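What follows is one structure encoded as structure tokens, with my remarks underneath.
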Protein chains: 2
Amino acid sequence: MSDALDRQDRLILHHLQRDARMPLTTLAEHVGLSPNATGERLRRLVRDGVVTGFHARLSPEALGRGLTAFVEVKLERTDSDVFAAFAEAVRDAPDIEECHMVAGGFDYLLKTRHRDMAAYRAFLSDTLLRLPGVRETHTYPVMEELRADFGPMLPAPRGAGG
Amino acid sequence: MSDALDRQDRLILHHLQRDARMPLTTLAEHVGLSPNATGERLRRLVRDGVVTGFHARLSPEALGRGLTAFVEVKLERTDSDVFAAFAEAVRDAPDIEECHMVAGGFDYLLKTRHRDMAAYRAFLSDTLLRLPGVRETHTYPVMEELRADFGPMLPAPRGAGG
DNA sequence: GATGAAATACTCCGTTT
DNA sequence: AAACGGAGTATTTCATC
């Protein structure tokens, strides 16, 4: 199970990161191997956990969730029940897209999606501030996305731009 | 161009959000339509911009970028050249995965990926702090990811759990 | 890793409701 | 307008080298 990625592995990852529905035959041309060998490598990359999944990306605007906000959340430091309850609530809230436990001035950083500011306000008061142990929140509405989440970048293989 | 999504559209989106490489025939079984009608709907969803792409997700750990950090960046408010220069530099930095212009106490929120804390320090001093107009940064290293980015959630269609 | 054959999936086109 | 069905093409999978 050697998990060193050679140039051809990186090309496979590079192209599938940009078009996950690309046929193996097309991918094989980019990589310079037979479709078979390419599929074999891809299977190995998935099995070894280098590729964790293939996902369609949906337009927030088209789904009526054009407002993105980041929310810093500070919890009471009473006991670990508070953290467990918070974690469970986070999993059940469809408005929350990401939740990171961070080191620094607060406990959690949330990325949330909403129809508009009114919907965000409702989320804040009806969902977030009702959670037990939430002491303080700071909201940062996103005005513009300069760079979209594309996953961790590989050291781009030469000649992969085509 | 009616952009109302019916139950079958939502099922298509739901399943492709979780497995973008699913064959149309399999997808059609989930949706309860013929592969033909399913493919037609998918083409329409892509054409109308509801689906913006299909992407393989890669494991940051497997790629040697196991440290995630969020960085708040505050710029000097001199002129718009500063913002343009910052935007360009953000696009060229492979360590930056997301960059959002936000309202609130600072100007930009970055999501970055690094091998380890030493690599983050190098990024901070060699890349971020060298950018013209950067006045102040605050770093929040991620300790745990409670909920991963899966894109905006649809109102989950009933019976889509299989 | 490559090749060739078999199974499967996709696209195009005509037809139906 | 939307879905179905069939024929031809492309792709994936499997066995073999």
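A, B, ... follow the sequence lines: proteins, then strands. Residue 1 opens every chain. Predicted model only: the values in this text are computed from it and were never measured.
Using a 4.0 Å cut-off between charged nitrogen and carboxylate oxygen, B/E88 and B/R91 do not count as a salt-bridge pair. The pair A/E98-A/R113 fails the salt-bridge criterion, with no side-chain N (NZ, NE, NH1 or NH2) lying under 4.0 Å from an Asp/Glu carboxylate O.
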Heavy atoms under 4.0 Å is the rule here; annotate nucleotides 10-17 of chain C 5' to 3' with B where the base is hit, S where only the sugar-phosphate is, and - elsewhere. SBB-----
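In this structure, A/E40 atom CD and D/dA15 atom P are separated by 13 Å, rounded to whole Å. In this structure, the CG atom of B/L27 is 19 Å from the P atom of C/dT8, given to the nearest Å. The interatomic distance linking B/L33 (CG) with D/dA1 (P) rounds to 18 Å, in whole Å. Atom CZ of B/R41 and atom C1' of D/dA1 are 11 Å apart (whole Å).
Fit an axis to the five pairs at each end of the helix from C/dG1-D/dC17 to C/dT17-D/dA1 and the two axes sit 30° apart, to the nearest 10 degrees.
When ring centroids are compared, B/H55 and A/H55 stay outside the 6.0 Å threshold. In this structure, the ring of A/F54 has its center no less than 6.0 angstrom from the ring center of B/F54.
A search for salt bridge (Lys or Arg N to Asp or Glu O under 4.0 Å) contacts involving B/D9 returns B/R41, B/R44, not counting sequence neighbours.
Using bins of under 30°, 30° to 60° and over 60° for the plane-to-plane angle, the ring pair A/Y108/A/F83 lands in the tilted bin. Taking the six-membered ring where the residue is Trp, A/Y140 and B/F106 present tilted rings, their angle falling between 30° and 60°. Ring geometry for A/H30 against A/H15 counts as parallel: the plane angle stays under 30°, on a 0 to 90° scale with 60° as the upper cut.
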